[in-house]
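Inspection log for the structure reproduced underneath, given as structure tokens.
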Amino acid sequence: MTSEPTPAPARSDFIRDIVAADVRAGRAKTVVTRFPPEPNGYLHIGHAKSICLNFGIAAEFGGRCHLRFDDTNPVKEEQEYIDAIEADVRWLGFDWGEHLYYASDYFEQLFAWAVTLIEQGLAYVDDLTADGIREYRGTLTEPGRNSPWRDRLVAESLDLFARMRAGEFPNGARVVRARIDMAAPNINLRDPVIYRIVHATHPRTGDAWCVYPTYDFAHGQSDAIEGITHSICTLEFEVHRPLYDWLIENLPVPSTPHQYEFARLNLTHTVLSKRVLLRLVNEGHVRGWDDPRMPTISGARRRGYPAEGLRDFAAMIGVAKADAVVEFGQLEYAVRGVLNRTSQRRFGVLDPMKVVIENYPAGQTDMMTVVNNPEDPAAGTREVEFGRELWIERDDFMEEPAPKFFRLSPGREVRLRNAFFITCTGVVKDAEGRVTELRATYDPATRGGDSPDGRRPKATLHWLSAAHAVPAEVRLYDHLFTDPFPGSDGRDLFESINPASETILTGALVEPDLAGLAAGETVQFERLGYFCADRDTTTARPVFNRTMTLKDTWAKVQAKG
RNA sequence: UGGCGCGUGGCCUAACGGUAUGGCACCUGAUUCUGGAUCAGGGGGUUCUAGGUUCGAAUCCUAGCGCGCCAGCCA
């Protein structure tokens with residue numbers, strides 16, 4: 001039996017502490033959270049952190065988590081994004097059950113509540129233009145001034161709001177604003193806009209509306225309608241909380257949700273901003289939202305990151321309020337841990353070099369029994385063809401071995417994994433003097449990879465039978481940005497896009513059965529890393545994405561010089 | 001500058017007034033048919049600074065410094 005790795009105990013954090021205290025004190029009978037994406041782009045790893053937090057808390061406290069699309073801005077939102085977001089959340093391993101909602105489901109109620117506010121003198125229709133509103137808003141240091149329309153008759157505002165809805169006015173002609181305090185030190189309280197005119201077709205409501213609530217007016221009220229107890233969002237909304245609370249207090253909403261903020265995720269060597277990601281896609285820097293280099297959930301999936309790895313990562317980095325930039329290596333550590341125990345091993349040679357075993361009979365084929373996954377005995381073994389002509393990795397040979405290089409070189413013996421010991425007896429060179437082929441002898445007594453006399457070569461190499469290996473395309477991936485902090489210090493982040501973020505190898509060779517690997521399946525190419533069949537793969541032309549390399553001590557030794 | 005928030009080894013994070021936690025990274029050793037994995041051990045922190053309260057401060061108070069967010073009819 002395999003011992004299941006004990007899942008990291010869900011470490012507590014300040015939000016879980018708050019939820020626990022609320023449950024203990026009876027302030028929340030059932031914990032209800034929500035993940036509220038705007039369908040204006042694909043989800044990224046930062047969203048994964050939020051998804052794990054919201055769904056995780058709901059599960060841990062026996063509550064529920066809603067998936068709610070914050071679709072209040074039809075000019076930026078699309079059905080394609082809605083579909084992709086649902087697929088990504090599901091793939092990540094979470095289930096919202098019956099609780100799929102849209103802010104647009106509440107448009108009628110939201111409109112009615114805006115009317116309520118107007119009736120109470122807590123909101124008004126403003127005829128100022130966008131520029132006008134900006135001028136009246138004041139600055140960080142100077143208070144704003146009241147709009148000339150701030151004290152207009154309630155009846156007049158009501159009439160105008162109805163006509164706004166009826167489509168009598170063009171975009172931007174008027175807005176409705178909450179009537180709070182134009183001198184408030186918190187600018188979000190200086191009569192924030194709660195409704196605006198947008199003549200655009202909404203992905204769900206079509207042309208039913210031409211007035212749409214702003215985020216501030218829609219979010220908290222949607223939370224209240226759904227009975228959300230803990231509305232968890234990122235730090236940039238902290239300054240909106242007083243407005244969130246003001247609206248909940250002044251409206252006859254059915255429940256009293258509270259907002260809590262945590263620090264969004266930042267990762268080195270990449271960018272977690274839908275705006276920037278959209279540009280990378282639109283400007284063709286990548287092949288799409290699910291390009292394996294993208295930090296999107298769909299990109300991670302195509303790259304070969306398992307959902308469990310992303311969840312482990314989220315648990316590992318924790319949740320706090322301090323702005324943080326997590327090293328990319330920590331993500332890789334989490335993902336590699338999952339891949340190590342779940343991936344079957346195979347042989348793949350990225351940069352092939354021919355080896356001829358001179359004392360092995362031509363035309364003969366031997367079947368070697370090879371372990372599929374040393375971490376998982378249940379994965380069993382497979383039979384791999386061995387012959388006189390083999391391929392090994394070019395990097396595994398050095399004519400003049402560097403210090404600490406203990407792979408193959410003339411006169412040296414190494415082990416071919418699960419096969420035989422071979423000794424390099426000679427090299428063949430081309431006109432420029434470059435080694436193109438090796439000659440070797442094998443020791444028949446070492447069949448299977450062990451020597452009866454106890455000899456233990458310092459290196460074990462992966463290999464492929466030249467007569468059986470199949471060609472494959474292998475796509476190597478590296479950081480999307482060379483700069484660990486793209487765009488910091490005012491630099492243009494597009495200038496630090498890594499030109500070598502993708503390297504396509506067309507001359508790689510793999511074990512024959514890999515031609516049939518289904519898209520999305522991951523294997524470890526022994527000694528090289530984890531590779532996943534890309535969705536472009538075909539039996540005739542297998543294509544693999546390198547998810548990530550193995551930890552490489554030799555590379556580290558080399559780097560030190 | 002006004003408001004809000006945040007500063008704990010290279011990175012992330014814990015501490016809830018009782019003498020700095022854990023993970024990543026790094027180093028060493030063991031083990032190994034992947035220079036992988038695993039196991040064991042190790043180095044590294046004047047907890048941003050300066051005052052104060054207290055028997056005792058990373059925690060509380062004051063001041064300063066640094067960083068982030070807010071002046072969309074984006075979210």
Side-chain angles (χ1 to χ4, degrees), chain A residues 8 11-14 17 36-38 40 70 72-73 75-77 126 128-130 133-135 137-144 171-177 184-190 192-198 211-212 214-216 218-219 233-242 261 263 265 268 274-275 315-334 336-337 340-341 345 370-371 374-375 404-407 415-419 421 446 448-450 456-462 524-529 549-557:
Chain A
R11 248 230 309 270
S12 193
D13 53 66
F14 79 99
D17 289 348
E38 181 190 11
N40 67 343
D70 230 326
T72 57
N73 186 1
V75 316
K76 290 186 175 178
E77 298 153 6
D126 195 339
L128 247 27
T129 62
I133 288 179
R134 190 177 315 116
E135 280 170 36
R137 186 156 31 222
T139 68
L140 293 179
T141 50
E142 311 157 52
N171 288 354
R174 295 176 226 268
V175 295
V176 3
R177 294 226 258 168
N186 180 344
I187 291 181
N188 293 106
L189 260 17
R190 320 241 262 229
V193 171
I194 61 173
Y195 256 95
R196 73 294 207 186
I197 298 170
V198 181
V211 289
Y212 291 90
T214 57
Y215 164 84
D216 284 309
H219 203 91
C233 62
T234 44
L235 250 29
E236 63 268 30
F237 294 102
E238 208 159 22
V239 287
H240 290 244
R241 195 173 60 229
E261 311 86 13
L265 172 67
T268 59
K274 278 201 266 185
R275 197 194 104 256
M316 201 181 302
I317 58 175
V319 178
K321 289 197 78 165
D323 288 308
V325 185
V326 178
E327 290 174 345
F328 200 88
Q330 200 160 347
L331 205 211
E332 293 195 311
Y333 173 85
R336 194 181 278 125
N340 175 51
R341 52 181 200 267
R345 269 95 281 208
V370 180
V371 174
E375 302 295 320
K404 293 184 184 165
F405 178 86
F406 38 84
R407 274 110 96 147
R415 170 169 38 226
L416 294 183
R417 171 142 244 236
N418 286 295
F421 292 1
T446 57
D450 280 306
R456 306 174 77 183
K458 290 201 72 179
T460 298
L461 311 186
H462 57 282
Q524 181 196 100
F525 286 178
E526 292 223 24
R527 306 206 303 132
L528 298 176
T549 62
L550 256 31
K551 219 172 93 182
D552 190 348
T553 307
W554 168 237
K556 202 182 288 179
V557 170

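So you know, we letter chains A, B, ... as the sequences are listed, proteins then strands, and number each from 1. No experiment lies behind these values; they were computed from the predicted model shown.
- Heavy-atom distances to RNA chain B give each of Gln330(A) and Thr446(A) a nearest nucleotide, and the one nearer the 5′ end belongs to Gln330(A).
- Taking the syn range as angles within 90° of 0, the glycosidic angle of rG66(B) is outside it, so the base is anti.
- Scanning for side-chain contact (heavy atoms from CB on, under 4.5 Å) contacts around Ala334(A) gives Asp312(A), Phe313(A), Met316(A), with sequence neighbours left out.
- Residue Arg417(A) has its side chain nearest to rU34(B) when only rU34(B), rG5(B), rC74(B) are considered.
- On the C1' atoms, rG43(B) is 25 Å away from rG7(B), given to the nearest whole Å.
- Among rG36(B), rC73(B), rG2(B), the nucleotide with an atom closest to any side-chain atom of Lys551(A) is rG36(B).
- Residue ring and nucleobase are not stacked for Tyr215(A) and rA75(B) under a centre distance beneath 5.5 angstrom and an angle between planes beneath 30°.
- Between Glu526(A) and Ala320(A), it is Ala320(A) whose nearest contact on RNA chain B lies nearer the 5' terminus.
- Backbone-only contact: Glu238(A) has heavy atoms under 4.0 Å from sugar-phosphate atoms and none from a base.
- Comparing the same atom, C1', in rG66(B) and in rA20(B) gives a spacing of 23 Å after rounding to whole Å.
- With hydrogens and angles ignored, no donor-acceptor pair under 3.5 angstrom links the side chain of Glu142(A) to the base of rG2(B).
- Here Asn418(A) lies in heavy-atom contact (under 4.0 Å) with a base.
- Side-chain proximity of Ala322(A) to rC11(B), rG7(B), rG35(B): nearest is rG7(B).
- Ranking rG36(B), rA75(B), rC73(B) by closeness to the Thr553(A) side chain, first place goes to rG36(B).
- Applying side chain to side chain donor-acceptor pair (under 3.5 Å) to His462(A) and the options Arg417(A), Arg527(A), Arg345(A), Glu526(A) leaves one that passes, Arg527(A).
- As judged by a 4.0 angstrom heavy-atom cut-off over every strand, Lys404(A) is placed among the base-contacting residues.
- Shown here are the ring-ring contact (aromatic ring centres under 6.0 Å, His included) partners of Phe328(A), two or more places apart in sequence or in another chain: His479(A).
- Using a 3.5 Å distance cut-off with no hydrogens or angles, the side chains of Thr460(A) and Arg415(A) do pair a donor with an acceptor.
- Rounded to whole Å, the P atom of rG10(B) lies 37 Å from the corresponding atom of rU32(B).
- Look at CZ on Arg527(A): it is 10 Å from P on rU34(B), rounded to the nearest Å.
- Ion pairing between Lys321(A) and Glu238(A) holds under the 4.0 Å rule for side-chain N and carboxylate O.
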